[in-house]
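Structure first, commentary second.
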Amino acid sequence: MPPRDEPADQPGDGQQQQKSIAGLLDSLALAPVAQPSRKDIKDKYAFWGSQPVMQFSDEAKDVEDGPIDAPKTVEEVRKEPYTLPSSFVWCECNINDPHEVQEVYTLLHNNYVEDDDAMFRFNYSPEFLQWALQPPGYQRDWHVGVRVKGSNKLVAFISGIPASIRFIVFSNKLAAFISGIPASIRANGKPVPAVEINFLCVLKKLRSKRLAPVLIKEITRRVNLRGIWQAAYTAGVVLPRPVCGCRYWHRSLNPKKLIEVRFSSLQPRMTMARTIKLYRLPASTTTPGLRPMEAHDTAAVTELLNGHLAQFKLTQHFSEDEVAHWFLPQPLVVDTYVVDSQLAQQQQQQQQSSEAQQLPAGAADAAAPSSSSSSSNGAGSSSSSSSSSIVSVVSFYTLPSSVLGHEEHNELRAAYMFYTVPGPTPLTQLMQDALTLAAGKGYDVFNALDLMDNASFLKELKFGIGDGALQYYLYNWRMANTPLQPKELGLILL
Ligand SMILES: CCCCCCCCCCCCCC(=O)SCCNC(=O)CCNC(=O)[C@H](O)C(C)(C)COP(=O)(O)OP(=O)(O)OC[C@H]1O[C@@H](n2cnc3c(N)ncnc32)[C@H](O)[C@@H]1OP(=O)(O)O
């Protein structure tokens, strides 16, 4: 299979081309972001052409920020579920029930997003699904399933979770009015209660029967019934109309395995040994004071995160409860590390002290530390640190893919960059540490989108560009001056 990457964009000479798991990132069939003709749109988007979403025909100059539909009340929302074909029934999936989460897992495991060549398929774990679907304020009736009458088999799924989305309100008129005001003030869009829609999946055998539009209308109805009118979602396919198109980049951690499963290919004139050497990472992290996030860091992380995200034109606003949910480390689900300046200081003092002990007796007394350190490896925990000493945050989540039809390997262990706040730590250094930690935990590949400030480190840290785009969409919200550039986007959906 020929590689589908863009070698010209690869970092240093001889790097691997990366097969995109962006293929995985939503039927990652990944059409190019071309503007379809009017006829194409009419023929192609029978459903999306009728929905309150930005359309390809919207002229940029006419776009005003705000809801697309006229405001409605909850009383006006349809009370009955949408009608399914007669052999199916709606159900709510109880993600806390071990049997039901296993049913959703199995549906996705066998039917969710694959790359074009059907070599890899996302394999969200049951633990991950419990995390992803049950943030604070989650609603069980937003975990929508379709079952076969009689057999009860789960054959389709869609989910919504609550999120406060922060849209920059920057209409043309408003822009003219506030053109003299600093950008930071303009970027202060108010958070709007919204939902994030994910895990839309229809059993392979039931594809192309227009079940997806029914699932989407039903989740919309259920969300509207709770007085929420906006949503954000991502897809690999191009629909009316992306608010931003991002690219996935992949950093090999275990190049040998990636080449064996044909996720990557050996570059011309490169041997396996040279490739392994090229991607080798340091044995330990370099940022002083780096340690796993703990519960008592939540307030500090929330403040850092919301402060950092406010600069982006489309982002999420997190409450403390949400930060605790989304960021406190959970094995094989999410990893978050913070840089604790107090711990860094202790480490420095400890180092000075051990250096002093190497000195002759008199000199050692003069260099003695005033306190001792709880950790010397940069990734231990410190119970003595106060939350205000947290200056940086880096996080990644775990999303393996099934390797389909391979004799030796059945899983690709992938870490995905989540939200990161560099603070005073250089972003490249923080990300190099994240790569080091992920490699140490046995991941095969580390994936990151080119959004936020990520373009600043991707090439230097030997990420290779994937072959597809991940499109971001908003439901019932029009945004002027779109599509955004990826660096203007501060939103990560799982
Ligand atoms: C206020 C609250 C609002 C809440 C709702 C906000 C909107 C949420 C929107 C959902 C966000 C989901 C976010 C994720 O989870 S993205 C992940 C999507 N899942 C997969 O890729 C898994 C593998 N694929 C499948 O399971 C099926 O192919 C799916 C279910 C995707 C389509 O099933 P099927 O292949 O059997 O097709 P159909 O005959 O039933 O229907 C055809 C119609 O469906 C449109 N289609 C195809 N793919 C997608 C897609 N990824 N997003 C939105 N629409 C999509 C398509 O353009 C066509 O419409 P139109 O071209 O005629 O117009």
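The first residue of the sequence shown is numbered 1, and numbering continues consecutively from there. Counting convention: from 1, in listed order, for ligands and their atoms alike.
- Residue N111 places a heavy atom less than 4.0 Å from ligand 1.
- In this structure, L203 does not count as a contact residue of ligand 1, since none of its heavy atoms falls inside 4.0 Å of the ligand.
- The backbone and the side chain of Y45 each have at least one atom closer than 4.0 Å to an atom of ligand 1 (non-hydrogen atoms only).
- Here's the thing with A46: one of its N/O atoms is less than 3.5 angstrom from an N/O atom of ligand 1.
- Atom 23 (C) of ligand 1 has its nearest heavy-atom neighbour, among R226, E114, R207, in R207.
- Under a 4.0 Å criterion applied to the non-hydrogen atoms of S208, ligand 1 contributes the atoms 34 (P), 36 (O), 39 (O).
- Residues N111 and R121 share a closest heavy-atom pair of N-CD, 4.0 Å.
- Looking at F446, Y416, Y419 one by one, the single match for ring pair (Phe, Tyr, Trp, His ring centres under 6.0 Å) with Y397 turns out to be Y416.
- Residue Q230 has no nitrogen or oxygen atom sitting less than 3.5 Å from a nitrogen or oxygen atom of ligand 1, judged on distance alone.
- Where the criterion is an N or O separation shorter than 3.5 Å, residue side chain and backbone included, C201 fails it with respect to ligand 1.
- The distance from atom NE2 of H250 to atom CG of D444, rounded to the nearest 0.5 Å, is 13.5 Å.
- Applying the 6.0 Å contact sphere to CG of N410 captures no more than 12 heavy atoms from other residues, nucleotides or ligands.
- Between F199 and ligand 1, an N or O atom pair is found at a separation short of 3.5 Å.
- No salt bridge links R262 with D117; every basic N to acidic carboxylate O contact stays at or beyond 4.0 Å.
- Within a 6.0 Å radius of CD in E411, more than 12 heavy atoms belonging to other residues, nucleotides or ligands are found.
- Ligand-side atoms of ligand 1 in range of Y475: 1 (C), 3 (C), 6 (C), 7 (C), range being under 4.0 angstrom from any heavy atom.
- Only the backbone of K209 comes within 4.0 Å of ligand 1, judged by heavy-atom distances.
- Geometrically, ligand 1 and V195 share no nitrogen or oxygen pair separated by less than 3.5 Å.
- Ligand 1 places these atoms under 4.0 Å from at least one heavy atom of T234: 13 (C), 14 (C), 16 (S).
- Heavy atoms of W48 found under 4.0 angstrom from ligand 1 belong to the backbone as well as the side chain.
- The shortest N or O to N or O distance between I216 and ligand 1 is not below 3.5 Å.
- Not counting sequence neighbours, the partners of E103 by the salt bridge (Lys or Arg N to Asp or Glu O under 4.0 Å) test are R147.
- Residues that satisfy the ring-ring contact (aromatic ring centres under 6.0 Å, His included) test with Y473, not counting sequence neighbours, are Y233.
- Taking a cutoff of 4.0 Å between a charged side-chain nitrogen and a carboxylate oxygen, R221 and E218 qualify as a salt bridge.
- The only option from L494, V333, L108 that meets the side-chain contact (heavy atoms from CB on, under 4.5 Å) definition with L129 turns out to be L108.
- Between the side chain of W142 and the main chain of R222, a donor-acceptor pair closer than 3.5 Å is present.
- Within the listing of ligand 1, atoms 2 (C), 3 (C), 4 (C), 6 (C) sit less than 4.0 angstrom from a heavy atom of A231.
- Taking only nitrogen or oxygen atoms, main chain and side chain alike, L200 reaches within less than 3.5 Å of ligand 1.
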